[in-house]
Amino acid sequence: MFIFVAGAGATWAAGLFLSKTTDSLDRRLGLGDALGGLILLAIAGTLPELAIVASASLAGNLSLAVGNLIGGIAIQTLVLVVLDFAAGRERPLSYLVGSLIPVLEALLVIICLATVLGGAALPSSTSIGGAVSPTSVAVVLFWLGGLWVVNRVRKHSDWKIEMPGSRPGRRSVREDHPEEPRPYAKRSTALVATVFGVASAITLAAGVTLQSSGNELAGRMGIQGAVFGATVLAAATALPEISSGIAAVRLGDHQLAMGDIFGGNSFQLTLFLLADILAGTPVIVAAQGSDVWLGAAGLLMTGIAGAAVIARPQRTFLRLGIDSIGLIVVYAAVVALLPRVS
C-alpha cells in the first residue's frame, strides 16, 4: 500500500515539473507548430499511462493494460467535475468554454474509443503480422488525422461563433498571460530540457512502480486487475491532470483546461499499438465485460461533456453545472453495477 501511494505521489510531483517544462520548451521551440511537435507534447502528457501499459504488456498482464487504457477514459473525464468546481459558482465550466474546439476533441475521443471497443469483438487470429490488432493501427491513424484537423481549425477556422458571457481564455499556452508565473523564463533551454528529462524518468519509474505494486494490491483486495486498473490506478495517474487543469481554470483558460482532458484521452488510446508490439499479440482481445462496460461509460460521459459545451447550461448547483452532476451520476451508476458485469 505504501509503495503504491508513494508511486502516486511521485507521479503527481513529477507531473507538475513535466507540465511546466513542457510548456516552457513549447514556447521556446515552437513544438506545437508541427505535427511531430504535437505528438511529442502528447507523449509527454501521458507518460504515467505509457509506463504502466508498457510494464504491464511486457509482464504479460494484459488485463491490467486494457483496463487502464479503456477504463481510464471515464475517470479522466470525471476530472472535468473537479475543474467545474474550481471554475466557481457563477457559471459552469461548459458555459465559460466559449469554443467548439473542445467539441471536436471530444468527438475524436469518441471515434478512437469506439474503434478500440470494436476491436474487442475480433478474434485474436485477426491481426497484422500476428502481433498487432488492425484496430490498434486504425486508432493511431484516426488520432493523427484528428490531431491535424483540430490543429488546423485552431489556427484557421472557417466559421465564427458567438457565445455571450463565455471566457475561453488563451487558445495556446504559448500566448502570454499577465498572471501566469513562468518559473523557467530566465533559465537556459539546456537546464529546462534537463529538468524535463529528469521529470520524465521519474514519471516513467513511478508508472512502473504503480503497475507492479497495484497488481499486488489488487490481489490482496480481491479486485480484478482490469477493474483495479480502470478505477484506482487510473485515478492515481490522473493526479497531474487535476493539478494542471485547476491551474488553467484559475488563469481563466477554460478552453485549454477542457481540451487538455479530451486531448490526453484520445492519445491514451493510441497506446494500444505500443501494447500490442510489446506483448507480441493483440492486447484488446484480453478485454473483459468490465472493460466494455467502462468503455461505454467513457463514450457516454465524453458525449455529455461535449454536448454541454454546445448547450451551455447557465445555472450551477453546489458550484457544479448540470452536466457535471450528470457525469457524477453516470460514473456512480457504472461503478455500482460493475460487480454485476461478467
Side-chain angles (χ1 to χ4, degrees), residues 35-36 38-76 108-148 200 203-205 207-208 210-212 214-215 218 224-230 233-234 237 263-296 298-299:
L35 184 60
L38 288 171
I39 295 174
L40 178 61
L41 294 176
I43 293 174
T46 324
L47 281 178
E49 290 82 4
L50 190 153
I52 290 170
V53 169
S55 178
S57 299
L58 288 172
N61 194 352
L62 304 187
S63 62
L64 181 63
V66 173
N68 184 250
L69 288 177
I70 295 181
I73 302 299
I75 200 165
Q76 283 155 201
L108 182 57
V109 175
I110 292 173
I111 290 171
C112 292
L113 183 52
T115 303
V116 166
L117 293 178
L122 296 175
S124 58
S125 58
T126 305
S127 62
I128 300 174
V132 176
S133 170
T135 56
S136 297
V137 176
V139 167
V140 173
L141 295 177
F142 284 143
W143 180 77
L144 288 172
L147 183 65
W148 181 83
S200 298
T203 302
L204 289 171
V208 174
L210 285 173
Q211 184 273 324
S212 57
N215 191 39
Q224 291 182 354
V227 176
F228 185 85
L233 191 56
T237 58
N265 282 352
S266 60
F267 176 76
Q268 175 173 309
L269 294 168
T270 68
L271 296 180
F272 268 101
L273 180 59
L274 173 65
D276 287 354
I277 294 172
L278 294 178
T281 185
V283 171
I284 188 61
V285 299
Q288 304 174 16
S290 58
D291 297 313
V292 177
W293 176 249
L294 288 165
L299 288 173

Where N68 and Q268 come nearest, the two heavy atoms and their spacing = O-NE2, 3.3 Å
note = Quick note, side-chain hydrogen bond (donor to acceptor under 3.5 Å, both in side chains) partners involving residues 269-285, not counting sequence neighbours, are S136-D276
inquiry  = Please report the interatomic distance CG(L108) to CG(L144), rounded to the nearest 0.5 Å.
reply    = 10.0 Å
ask   = Which heavy atom in C112 sits nearest to a heavy atom in V139, and how many Å separate them?
value = O-CG2, 3.7 Å
Please set out all donor-acceptor pairs under 3.5 angstrom arising from side-chain atoms of residues 122-132, sequence neighbours excluded.
| unit_1 | atom_1 | unit_2 | atom_2 | d |
| --- | --- | --- | --- | --- |
| S127 | OG | G130 | N | 3.4 |

task = Under the side-chain contact (heavy atoms from CB on, under 4.5 Å) rule, collect the residues that match up with L58, sequence neighbours excluded.
result = L278
task = For residues L62 and A286, report the shortest heavy-atom separation together with the two atoms involved.
result = CB-CB, 3.7 Å
inquiry  = Applying side-chain contact (heavy atoms from CB on, under 4.5 Å), can you list everything that pairs with A138, at least two apart in sequence or on another chain?
reply    = T115, F142
inquiry  = The criterion is side-chain contact (heavy atoms from CB on, under 4.5 Å); which residues satisfy it with L113, sequence neighbours excluded?
reply    = I70, I73, L117, L269, L299
key: 4.5 Å side-chain heavy-atom contact, W143 and I111   = no
key: Pairwise distance OG(S57) to CG(L69) - rounded to 0.5 angstrom   = 7.5 Å
request  = List for me each residue that meets side-chain hydrogen bond (donor to acceptor under 3.5 Å, both in side chains) alongside S133, sequence neighbours excluded, and say none if there are none.
outcome  = T135
Reported OG-to-CG distance for the pair S63 and D291, which is rounded to 0.5 angstrom = 8.0 Å
